[in-house]
Visitor: 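Here it is: the structure, laid out below.
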Amino acid sequence: MELNGAQIVIQSLKDEGVEYIFGYPGGAVLHLYDAIFQQDDVKHILVRHEQGATHAADGYARATGKPGVVLVTSGPGATNAVTGIATAYMDSIPMVIISGQVPSPVIGSDAFQEVDMVGITRPCVKHNFLVKDVTKLAETIKKAFYVATTGRPGPVVVDVPKDITDPRIKVPYKYPKKVSMRSYNPAVTGHKGQIKKAVDLLLTAKQPIIYAGGGVILGEASKELTEFAHTLGFPITNTLMGLGAYPATDKQFVGMLGMHGTYEANMAMHDSDVIIAIGARFDDRVTGKLDEFCPNAQIIHIDVDPASISKTVKVAIPIVGEVKPVLEQMMELIRESKKKPSKKALESWWKQIDQWRAVNCMEYDRNSRLIKPQYVIEQLYEVTKGEAYVTSDVGQHQMWAAQYYPFDKPRHWINSGGLGTMGFGLPAAIGVKLAFPDSEVACVTSDGSIQMCIQELSTALQYNAPVKIINLNNSYLGMVRQWQEFTYESRYSHSYMDTIPDFVKLAEAYGHVGMRIDKPEDVRPALEEAFAMKDRTVFLDILTDRTENVYPMIESGKAHNDMTLRVADGTSTDRELA
Amino acid sequence: MRHIISILIENESGALSRVAGLFSARGYNIESLTVAATEDPSLSRMTLVTRGSDDIIEQITKQLNKLIDVVKLIDLADSDHIERELMMVKIRTTEQTREEIRSLAAIFRGKIIDVTPTTYVVEMTGPSSKLDAFIAAIDGDTIIEVVRSGPTGISRGEKGLHL
């Protein structure tokens, strides 16, 4: 089969099994768009801003586990995509981004809409390619998908100069079934000796904890993790990225850990004697003050990326490999072993944990006349029966969604954890809804974040991706306001917006349904009404308590056992140290 | 501690900037970096000198290995190795100083490879410390220019960095 470069790109995507391309046309990709026009297999979603394309593809990837695909033009199209590429990179999300480039002969001449995309994205991609020869195009695309989806996943950019897609130049096409690269051989199974050592340590632990992150979800190992935890009977905590990897309603789950994690999770980490970190990377929002991180713990760390091991926290037993096969290897040894975890030690450890649980760190003022954001999330959980895909933006609302919506299944909690990208939630929700049109998709957001990619409301209408937008509107950039309250004596520098648009009218202008809710008693009925409108995007503008803060909190530079808790009288602005 | 890291990397455009970019992005220091093609034209060999604690060097080698273009690398400091650097020094000369520079160059096994009525160019190879010693031994005011390649190295014995 002879194809031109533009056809090769589209045919390669088809052969790769790609369902959707999220993109935006422009000069350097016109040949590609002409090829897209002449086929129906790969569907193109026209976003309203290239950042939206990357987040939508990212949301699609997080929900499905399949790589997200983005197509943007050169220059500003490419640079607009960078924030979304970096977002995917920080959270290890498989994506392939095809960017147009000016024709090869003029590269380097400051041509119209020229930018060094390979150079700009180098620090925020797993790998990138500049295609120099149309005969290598199909192989390069195959390599891009291979690199993006194997090992520790991540985004891969393929920069395609316009002359490479010239419709007049046809070459033989064959999409490789497999590629191998001598310089890239990610580990799969773990080292047997290390696994043996790890199991021995686990079976002698007296105050153990499982600390599991997003790697469990990326590695499709939730089932194995759950079995592992149940067999050992250990408490388990998830990172922000790991929520859903283990059922949050299970009794062994002690909640999220880290800066806004639960009191019991952080205290259990701090007092543990053995930690097994599974697909987690000891992020600074998780560890708090490094010098005082889990002072008595011996740490086992399973990660597919050797560079994640002992990067910030030195570990005793590193295991390089994919989470799923390593957990299977460990389970085999645990089953064979005559040694069992000490029942007595675990009982007293659980007793201690239950005392921490009794602090009830997630309690908030339920009698307030104002709408409490936590209440909204709890109601969202009930109305959606805990089964919705929930995307979020970044800030206070993100933490409340993480804290008050217990996720029982992986790939249902979709947020920008590493980069913390405001504007992520809405386009991500569209990507999820396209992947799962029959599932409920809610975007938990706030008045600050939603305005960063609000133009994608238009995309949701055009491609019939009805999502429910839960806008926790407090007129503030809430997390900034909270930090200013705590650390800058309430000098609220530029964290207040006094010209917030009328979101109801805005939603209507975009062809959607808008609702405003300002009383606690109206929250539940409004959510029910919104989710009953199956085929409509509904924007719920919920006016919440403006002064509410996210608790508990490990303030910057403090250790796990030094948490700030909400005071019991319910006044949300007062606080004291635990 | 000072480490010499020797890297086999795909000979593709941009490979050097991936390595250099990694060092600047993660705040590691590079003392020197040399690159050249190998006997296999699809591979380049880089020799990189860096300093850091054991933890930092461990991260550097892990991060380098993570670069998709990096095929293989070794830290020469882990084993017995030979290190060489090439230097060329242009020295201003007078009737009175020529003899002294010639004998000094001979002591350091250097060669005089260019002569004008007022200058010498001395070529010298050796471990970096030897080159430093030569520079220290001559009058600093007479040095017009010093060009150094940065060290390269190879391990002793049968062990080697190859595919």
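All values reported here derive from a predicted model rather than from experimental measurement. Values below: every heavy atom of this structure, side chains too, minus hydrogens, waters and symmetry copies. Below, read A as the first sequence line, B as the second, and so on, with proteins coming before strands; counting in each chain starts at 1.
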Visitor: Which distance, rounded to the nearest 0.5 Å, do you find between the CZ of Phe129(A) and the CD of Glu12(B)?
Guide: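 With rounding to 0.5 Å, CZ (Phe129(A)) is 8.0 Å from CD (Glu12(B)).
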Visitor: Need one label for Ser42(B): side chain, backbone, both or neither, based on atoms under 4.5 Å from any heavy atom in chain A.
Guide: both
Visitor: Compute whether any side-chain donor of one residue and acceptor of the other, for Ser310(A) and Lys62(B), lie under 3.5 angstrom apart.
Guide: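 Looking only at side-chain atoms, Lys62(B) and Ser310(A) do not form any donor-acceptor pair under 3.5 Å.
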Visitor: Tell me, out of His127(A), Arg152(A), Met181(A), Lys314(A), who's got the most heavy-atom pairs with chain B below 4.5 Å.
Guide: His127(A)
Visitor: Can you name the closest pair of heavy atoms from Ser13(B) and Lys132(A) and give their distance?
Guide: OG-NZ, 2.9 Å
Visitor: Near His81(B) NE2, under 6.0 Å, is it more than 12 heavy atoms from other residues, nucleotides or ligands?
Guide: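 Check passes, neighbour count above 12.
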Visitor: Are more than 12 heavy atoms, taken from residues, nucleotides or ligands other than Leu161(B), located less than 6.0 Å from that residue's CG atom?
Guide: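 Yes.
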Visitor: Is it the case that over 12 heavy atoms from other parts of the model lie below 6.0 angstrom from the NZ atom of Lys130(B)?
Guide: yes
Visitor: Of the backbone (N, CA, C, O) and the side chain (C-beta and beyond), which part of Arg182(A) lies under 4.5 Å from a heavy atom of chain B, both, or neither?
Guide: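 Contact with chain B is through both the backbone and side chain of Arg182(A).
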Visitor: Under 4.5 Å heavy-atom distance to chain B, tell me which part of Asn185(A) shows up: side chain, backbone, both or neither.
Guide: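 Neither the backbone nor the side chain of Asn185(A) comes within 4.5 Å of chain B.
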Visitor: Got a salt bridge between Asp55(B) and Lys311(A), using NZ or NE/NH1/NH2 to carboxylate O under 4.0 Å?
Guide: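 Lys311(A) and Asp55(B): not salt-bridged.
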Visitor: Which bit of Leu8(B) is near chain A, if near means a heavy-atom gap under 4.5 Å: side chain, backbone, both or neither?
Guide: neither
Visitor: Just so I understand: if I count every heavy-atom pair under 4.5 Å between each of Leu163(B), Ile9(B), Leu43(B), Asn65(B) and chain A, which residue has the most?
Guide: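 It is Leu43(B).
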Visitor: Quick one: side-chain contact (heavy atoms from CB on, under 4.5 Å) partners of Val146(B), sequence neighbours excluded?
Guide: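 side-chain contact (heavy atoms from CB on, under 4.5 Å) check on Val146(B) returns Met87(B), Val89(B), Ile135(B), Ile143(B), Arg148(B).
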Visitor: Count the heavy-atom pairs under 4.5 Å between each of Gly151(A), Ser183(A), Pro123(A), Ser308(A) and chain B, then report the option with the highest count.
Guide: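 It is Ser183(A).
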Visitor: What part of Ile309(A) lies closer than 4.5 angstrom to a heavy atom of chain B: side chain, backbone, both or neither?
Guide: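 When you check distances to chain B, atoms from both the backbone and side chain of Ile309(A) fall under 4.5 Å.
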Visitor: Has Arg98(B) got more than 12 heavy atoms of other residues, nucleotides or ligands less than 6.0 Å from its CZ?
Guide: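 Yes, enclosed.
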Visitor: For atom CD of Glu31(B), is the number of surrounding heavy atoms from other residues, nucleotides or ligands below 6.0 Å larger than 12?
Guide: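 Atom CD in Glu31(B) is crowded, with more than 12 foreign heavy atoms closer than 6.0 Å.
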Visitor: So how far is it from Asn128(A) CG to Arg18(B) CZ, rounded to the nearest 0.5 Å?
Guide: 4.5 Å
Visitor: With a 4.5 angstrom heavy-atom cut-off, could you sort out which part of Glu58(B) is near chain A: side chain, backbone, both or neither?
Guide: side chain
Visitor: Please report the interatomic distance CD1(Ile68(B)) to OH(Tyr146(A)), rounded to the nearest 0.5 Å.
Guide: 9.0 Å
